[in-house]
Amino acid sequence: MTDRRILVTAALPYANGQIHIGHLVEYIQTDIWVRFQKLRGNRAAFFCADDTHGTAISIRARAERRSEEEVIAEMSEAHQRDFAAFGIEFDNYGSTNSSENRELCGEIWKAIRDAGLVKEKDIEQLFDPEAGLFLADRFVRGTCPNADCNAPNQPGDNCSKCGRTYSPAELVDPKSTLSGAVPEVRTARHLFIELRQLHSFLDEWSQSGKHLQPEVANNLRGQFLGDPDSEEGAKELRDWDISRPAPYFGFEIPDSPGNYWYVWFDAPIGYMASTKQWCDRMGENFDDWWKSDDTEIHHFIGKDITYFHTLFWPGMLKTAGFSLPEKVHIHGFLRVDGEKMSKSQGTFIMASTYLNHLEPDYLRYFYASKLGPGLGDIDLNLEEFVNRVNSHLVGNIVNLASRSAKFVSGGTLSEEYPDDGGLFAAAVARADQIAEFYEQCDFASATLEILQLADEANRFINDRAPWKLKKEPDKAEEVRQICSIVLNLFRQIAVFLQPVLPRLAEQAGELLNAPISNWDDAKTPLTGTPVTEFKHMMQRITKAQVDTMVDESVVDEPAEEGAADNESPWSDGPEALEAELMTEECTIDDFVKVDLRVARVIEAKDVPEANKLLNLTLSLGGGETRNVFAGIKAAYKPEDLVGRLVVCVANLKPRQMKFGLSEGMVCAAGPGKADVFLLDIDDGAVPGQRVH
RNA sequence: GGGGCCAUAGCUCAAUCGGUUAGAGCAGCGAACUCAUAAUUCGUUGGUUGCAGGUUCGAGUCCUGCUGGCCCUACCA
């Protein structure tokens, strides 16, 4: 047992979207690490918050015709609900839009000012006069300035057709994607932090080998810092633009009215603000956690936000006199079946969608079994997910209790721990190694090691075959001994897996009437305690459940929008297009592969066991029908659908779902849930006609 | 364009400093068993380590080039 004080953070989720299974890699990883530290007896505290500031929130709020505060409040609630459901236990969950954060930002800002790191420069930026906002590059579109290309409707930074890069001001006929207005170039004064003054400190901190994974240190050296010992020498760090002119949703800079801190300035300070809230609530001293050499600070982040956390953030902390991170743990991204998560393929799975179908512990275990100390991407292979959960968790580990408990249920474990041939002691001897794997975030090795213990225990019970001995009345005591051993081995495994599967550890505690609260609970066998009646601890899962989840996650591609028309009286925002980016160009040949047909809904039934599905029977005329399961339950009543015309994919490969065979797909737009909008067709169309 | 990382069995991943016959899990195949949630146990098939060179007594590992993938960054490198 050790006695460290450890402050842990996970990256702050942005208040502009729901939590999905990609986010969960990080929160589950961090939660496992924190639970491990707590189980070891360390003083660990886990802080997070919603990241709430920036232009994207304002745009969303405007589109939804409500205040930014309403948007972020609702999102915070949704985030916390998802996290709680997945067993992610924060000691405090705050918001960057809090009074604590504003104060800390001011304190750190003052220190940076006093250190002479701030300078001012004029910046030219495109401004949307209609929306009244400065525009980031991605909110501007226009014709490519390359005379040989002239591709229309290109984004503000580079042309997707010819690859040419340019500034948004160079675009021919630029238009704001927010309002369609022609943006004007405006000059505004921005504040910059001269990071170059911290170069030698950042060299030392990042290259020490203590705080960062080696790949990360290499990347920083190659890309930003350079190598003073090489021929090219050190590179100059560029000034960091940390202000945005009004209007901006964020904190106004106290000594620079009309300017606001850029979201990436106040976001990491949110770690501290969240700590502060917790300290105030718990009677803790904030400086003990952020200004003490006795506290280790560990950040868990994804590889995309590396440089904010490994250059700017240590620089800010150093300048303001706070503790530096002991370690920044960086992980890769989630891929599903080897590919990026995709909305159209249904692999962009929201946490809430997952919860409609599967237990959170399956995902916790699966991620744990895949996560190593490196920052490579991890792959959620859906078939492997099913196999691994069933074979490791249910067939192997839980099965130990399942096959032994009932022989002693209602009785007690042996008064003395029987001779097990050294199995229990051998597992104790491996405890330090397993702990070291957890400590190094090598959960894949930890779970593999633990699984081997379960293999050995299964082998033991096979050899001793208590089910045979049970038939001989004079062997009752031996049966009890065998089961006492197996249940103790099971409990030992439950202790080792507690950080990953806290619920299983609880169940093991209930089964044997001895709660698990410390790593060292694995080191002494239980004797004489009563054994409760065995109840199933986890259910096997089927590929059909996973497929249904994927089907429900499919978001049909929205119809392509024409280029924003300057004269358009509409002010359609960019949210829909941004929520689901345009896929790559396809040919007419690709398009004709999809056989879209007009169909009439001739029957529509609720699927009571399904959360989102309706069962439709579509007629293509002439007796040709299709049985289709459509995820539109929240948006349509079955009785309202009967008789109407829809557009369906008539040649879609039939798919076996949990509730039956689905032989097609009904076309609809929208993000899902109640916001699903079926395609309609003008009067005159008849079922069976093809859509071209 | 620049920087960094990666490519190993059907799938997902290991392999210490360059060191013996490249190992696991899952899937597959064969058998045993029947207490257990179609669980378990034993046995077994499967590799030109992306391609082409090089260094070395010895290369999955080091070097060069190529191909493919990912992240970051960009008329600043």
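To find a chain, count down the sequence lines: A is the first, B the second, and so on, and within it residues start at 1. What's counted below: heavy atoms across the whole structure, side chains too, no hydrogens, waters or symmetry copies. Everything numeric in this text was worked out from a predicted model, so none of it was measured.
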Which label fits [X] and [Y]: parallel for a plane angle under 30°, tilted from 30 to 60°, or perpendicular past 60°?
X: Y27(A); Y: H23(A); value: tilted
X: H392(A); Y: Y365(A); value: perpendicular
X: W33(A); Y: H298(A); value: tilted

Base, sugar-phosphate alone, or nothing: which one does [X] contact when heavy atoms must sit under 4.0 Å apart?
X: G376(A); value: nothing
X: N462(A); value: base
X: V216(A); value: nothing

Using both distances under 3.5 Å as the test, list the Watson-Crick or G-U wobble partner of [N], or none.
N: U21(B); result: none
N: C62(B); result: G54(B)
N: A32(B); result: U40(B)
N: G1(B); result: U73(B)
N: G68(B); result: C6(B)
N: G46(B); result: none

Measuring only the [atom1] atom in each nucleotide, how far is [N] from [M]? A whole number of Å is fine.
N: U64(B); M: U73(B); atom1: C1'; answer: 26 Å
N: C13(B); M: U8(B); atom1: P; answer: 9 Å
N: U48(B); M: A9(B); atom1: P; answer: 9 Å
N: G10(B); M: C33(B); atom1: C1'; answer: 29 Å
N: C6(B); M: C17(B); atom1: P; answer: 14 Å
N: A15(B); M: U61(B); atom1: P; answer: 14 Å

Shortest side-chain distance from [X], nucleotide among [options]:
X: R335(A); options: A77(B), C26(B), C70(B); result: C70(B)
X: N399(A); options: C33(B), U73(B), A36(B); result: A36(B)
X: F333(A); options: C71(B), C35(B), G3(B); result: C71(B)
X: S402(A); options: A36(B), G25(B), U73(B); result: A36(B)
X: R238(A); options: A27(B), U73(B), U34(B); result: U73(B)
X: D379(A); options: C13(B), C72(B), U41(B); result: C13(B)
X: E384(A); options: U40(B), G2(B), G25(B); result: G25(B)

### Query
If you measure only the distance, is there a donor-acceptor pair under 3.5 Å linking the side chains of N218(A) and R221(A)?
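Yes, a side-chain donor-acceptor pair sits under 3.5 Å.
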### Query
Testing T532(A), T529(A), T412(A) for side chain to side chain donor-acceptor pair (under 3.5 Å) with N513(A), which one passes?
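One option only clears the test, and that one is T532(A).
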